Amino acid sequence: MQAYFDNSATTKPLPEAVEAVSRAMTETWGNPSSLHVIGDTANGELENARRTLASAFGCRQQEVYFTGSGTESNNIAVFGTVEALKRRGNRIVTTAVEHPSVEGCMKRLENEGFDVVRLPVDKTGQISEEAIYEAVNDKTILVSLMLVNNEVGSIMPVKAAAKALKRAGAPGHVHVDAVQGFGKVPVGPKALGADLISVSGHKVHGPKGVGALYVKKGTRLVSPVLGGGQEDNIRPGTQGTPAIAGFAAAVDTGILHGDLSSYIAHVTEVRNIIRDAVLATDIGAINSGDDALPYILNLSLEGIPSEVLRNYLSEQGVCVSTGSACSKGHRSTVLTQMELEPRRIDSAVRFSFSHTNTIEEARYAAEVLTRAANTLRRG
């Protein structure tokens, strides 16, 4: 049996998304910027997709911009905000556990002289609203927070960011990396209080190579990407209409016409089967907090190295990730920031779920984990 539990890395495309990609490559394949009938047809496909994403965000169609990935959306949001507002302040507030596509930006900006404040997390991978208020001052030009942590599933109090900026009289924007939350919890300007929101196609059962960025009307942004003016110069370059069409089809099918509350109830049941099996062993520990999004479960079978457990599970057809739990000798930044014991960090793996996972798959994975605990332990 094969059971795929690495959905935070990527998801299997829905049939509707595959069909939309094929149609865009064979029927609406023109350049959407070309001023003739074939270009017009492609542009129609593009704008239909934009309307779909706007519906998912609950925003204006003109506030949605397509990019090449969630990473690119994050880079445009961070660097674009800083370039636009750098004369009004130099403080940037983020967390100590951001995705590399945000943390990499922060390191560069810090080297350029910006005051980057990284909020620490507690033992559940969470930050407090009070910490956001304390970090934001009147020189803050950006608060960039992930909505859902990609390793442990903690849900950040992102709505506090806009309130903190307002209270401090700061000129800054709020950027939310919602890549891991999109399609699982409400994501949009009203739900998050954000000026900028990043999402990705392949995390919601769409194709790879496409993302989107919500930009609130009136938000000052100077994109670091230069080109021919497409996407209102936010992300210039010929739009990848096949991937965009597939992204929109996945959103339409799985999010707009899906039932998020039903999804989360099912995923919680799937997660609980695996969690309970781990806790039933005498070496099992759960690293995700009790209030984490159930779509992500970080766990350890202490004494079994992450790579050993991952490979054992893979041989049995159960696909999971070590995340960045132990990559090239470096321990997970997230789990380290949570101050977990090194032995526990070095044994950590991440299960990440989709509403398409079945109870049967979860029970099989639970059996394999139990066998692993009984056969692979060391000392």
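Keep in mind that what you see is a predicted model, and the values were worked out from it rather than measured.
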Q: Answer whether the closest heavy-atom distance between the side chains of P157 and I132 falls below 4.5 Å.
A: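 The answer is yes; the side chains approach within 4.5 Å.
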Q: Would you say F351 and N298 make side-chain contact, with heavy atoms under 4.5 Å?
A: no
Q: Any non-hydrogen side-chain atom of E302 less than 4.5 Å from a side-chain atom of I345?
A: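 Result no, sub-4.5 Å side-chain heavy-atom pair not found.
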Q: If I compare all heavy atoms of S198 with all of G70, which pair ends up nearest, and what's the gap?
A: CB-O, 4.4 Å
Q: Would the number of heavy atoms belonging to other residues, nucleotides or ligands and lying under 6.0 Å from CE of M1 be above 12?
A: yes
Q: Checking T219 side chain against K216 main chain: does a donor-acceptor pair fall under 3.5 Å?
A: yes
Q: Could you grab the distance from atom CG of D290 to atom OG of S154, nearest 0.5 Å is fine?
A: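 Output value for this atom pair is 12.5 Å.
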Q: Are the charged groups of R235 and E72 less than 4.0 angstrom apart, N to O?
A: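 Answer for the salt bridge query: yes.
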Q: How far apart are the closest heavy atoms of A348 and L335, and which atoms are they?
A: CB-CD1, 3.5 Å
Q: What I'd like to find out is whether the side chain of V64 reaches to under 4.5 Å of the side chain of Q61, using heavy atoms alone.
A: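 No, their side chains stay 4.5 Å or more apart.
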Q: Say whether T322 and E307, considering side chains only, have a donor N or O and an acceptor N or O under 3.5 Å apart.
A: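 Looking only at side-chain atoms, E307 and T322 do not form any donor-acceptor pair under 3.5 Å.
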Q: Can you measure from CG (L142) to CG (L85) and round to the nearest 0.5 angstrom?
A: 8.5 Å
Q: Tell me whether E269 contacts the main-chain N or O of H266 through its side chain, where contact means a donor paired with an acceptor under 3.5 Å.
A: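 No, the answer is negative, given that no donor and acceptor are paired below the 3.5 Å cut-off.
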Q: Please check if atom CD in E112 has more than 12 non-hydrogen atoms from other residues, nucleotides or ligands closer than 6.0 Å.
A: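 Yes, CD of E112 has more than 12 neighbouring heavy atoms, counting only those of other groups under 6.0 Å.
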Q: Give me the atom names and distance for the closest heavy-atom approach of P186 to A191.
A: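 Closest approach of P186 to A191: O-CB, 3.7 Å.
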Q: When you check the side-chain N and O atoms of D346 and S306, is any donor under 3.5 Å from an acceptor?
A: no
Q: Please confirm whether the backbone N or O of G44 pairs with a side-chain atom of N48, one donor and one acceptor, at under 3.5 Å?
A: yes
Q: Kindly indicate whether the side chain of N357, heavy atoms from C-beta on, has any atom under 4.5 Å from the side chain of N7.
A: yes
Q: Determine whether V97 and M156 satisfy the following criterion, side chain to side chain contact (heavy atoms under 4.5 Å, CB included), listing intermediate values before the conclusion.
A: CA-CA 11 Å; V97 294; M156 301 298 182; 3.9 Å; yes
Q: If I compare all heavy atoms of V187 with all of A178, which pair ends up nearest, and what's the gap?
A: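 V187 and A178 have their closest heavy atoms at CG1-CB, 3.8 Å.
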Q: Enumerate the residue pairs fulfilling side chain to side chain donor-acceptor pair (under 3.5 Å) with a member in residues 177-194, sequence neighbours excluded, ordered by first and then second residue.
A: S8-Q180, N74-D177
Q: Once rounded to the nearest 0.5 Å, what's the spacing between atom CD1 of I274 and atom CG of L299?
A: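 Rounded to the nearest 0.5 Å, the CD1-CG separation comes out at 8.0 Å.
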Q: Enumerate the salt bridge (charged side-chain N to carboxylate O under 4.0 Å, His left out) contacts for residues 116-140, please, sequence neighbours excluded, ordered by first and then second residue.
A: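 Qualifying pairs, neighbours excluded: E103-R118, E110-R118, K123-E339.
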Q: For D115 and V117, what are the C-alpha separation, side-chain angles and deciding distance, and is it a side chain to side chain contact (heavy atoms under 4.5 Å, CB included)?
A: CA-CA 6 Å; D115 176 23; V117 178; 4.1 Å; yes
Q: Can you see whether T370 engages E367 through a side-chain donor-acceptor pair at a distance of less than 3.5 angstrom?
A: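 No, because no side-chain N or O of T370 sits under 3.5 Å from a partner of the opposite role on E367.
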Q: Going by atom types alone, do T356 and S354 pair a side-chain donor with an acceptor below 3.5 Å?
A: yes
Q: Using only heavy-atom distances, determine whether the side chains of T94 and S144 contain a donor-acceptor pair under 3.5 Å.
A: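 T94 vs S144: no donor-acceptor pair found between side chains.
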Q: Tell me the closest heavy-atom pair linking G211 and F247, and the distance in Å.
A: C-CE2, 3.9 Å
Q: Quick one: do F5 and V204 end up in the same hydrophobic cluster if we chain Ile, Leu, Val, Met, Phe, Trp and Tyr together by side-chain heavy atoms under 4.5 Å apart?
A: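 In one cluster with F5: V204, yes.
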Q: Is any side-chain heavy atom of P189 closer than 4.5 Å to one of I197?
A: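 A side-chain contact under 4.5 Å exists here.
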Q: Checking side chain to side chain donor-acceptor pair (under 3.5 Å) for the pair T28/T41: CA distance, chi angles, key distance, verdict?
A: CA-CA 6 Å; T28 57; T41 302; over 6 Å; no
Q: How many angstroms lie between CG in L213 and OH in Y65, if you round to the nearest 0.5 Å?
A: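 Reported value, rounded in 0.5 Å steps: 9.0 Å.
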Q: Roughly how far, to the nearest 0.5 Å, is the NZ atom of K163 from the CZ atom of R167?
A: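 One gets 11.0 Å once the value is rounded to the nearest 0.5 Å.
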Q: Taking NZ, NE, NH1 and NH2 as the nitrogens, is one of them in R344 or E341 under 4.0 Å from a carboxylate oxygen of the other?
A: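 No.
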Q: Contact between M146 and V176 at the side-chain level, heavy atoms closer than 4.5 Å - yes or no?
A: no
Q: Considering only heavy atoms from C-beta outward, does the side chain of I264 approach that of L293 to under 4.5 Å?
A: yes
Q: Between V318 and Y4, is the side chain to side chain contact (heavy atoms under 4.5 Å, CB included) condition met? List the steps.
A: CA-CA 6 Å; V318 179; Y4 181 79; over 6 Å; no
Q: Working to the nearest 0.5 angstrom, can you tell me the gap between T375 OG1 and Y312 OH?
A: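 Separation between the atoms: 4.0 Å.
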Q: Only one of I127, L147, V148 forms a side-chain contact (heavy atoms from CB on, under 4.5 Å) with V158, so which one is it?
A: L147
Q: Using distance alone, with no hydrogens and no angle criterion, decide if T140 and N137 have a side-chain donor and acceptor under 3.5 Å apart.
A: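 Indeed, the side chains of T140 and N137 share at least one donor-acceptor pair under 3.5 Å.
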Q: Is R50 salt-bridged to E231, cutoff N-O under 4.0 Å?
A: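 Counted as a salt bridge, because a side-chain N and a carboxylate O are separated by less than 4.0 Å.
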Q: Checking the side chain of N43 only, and the main-chain atoms of G39 only, is there a donor and an acceptor separated by less than 3.5 Å?
A: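 Pair absent, no side-chain N/O of N43 close to backbone of G39.
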Q: Could you name each residue pair satisfying ring-ring contact (aromatic ring centres under 6.0 Å, His included) that touches residues 155-207, not counting sequence neighbours?
A: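 Sorted pair list: F57-F182, H205-H355.
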Q: Taking all atoms of both residues into account, what is the closest heavy-atom pair of G30 and A42, and its distance?
A: O-CB, 3.1 Å
Q: Take V174 and L196, measure what side chain to side chain contact (heavy atoms under 4.5 Å, CB included) needs, and give me the verdict at the end.
A: CA-CA 6 Å; V174 176; L196 301 143; over 6 Å; no
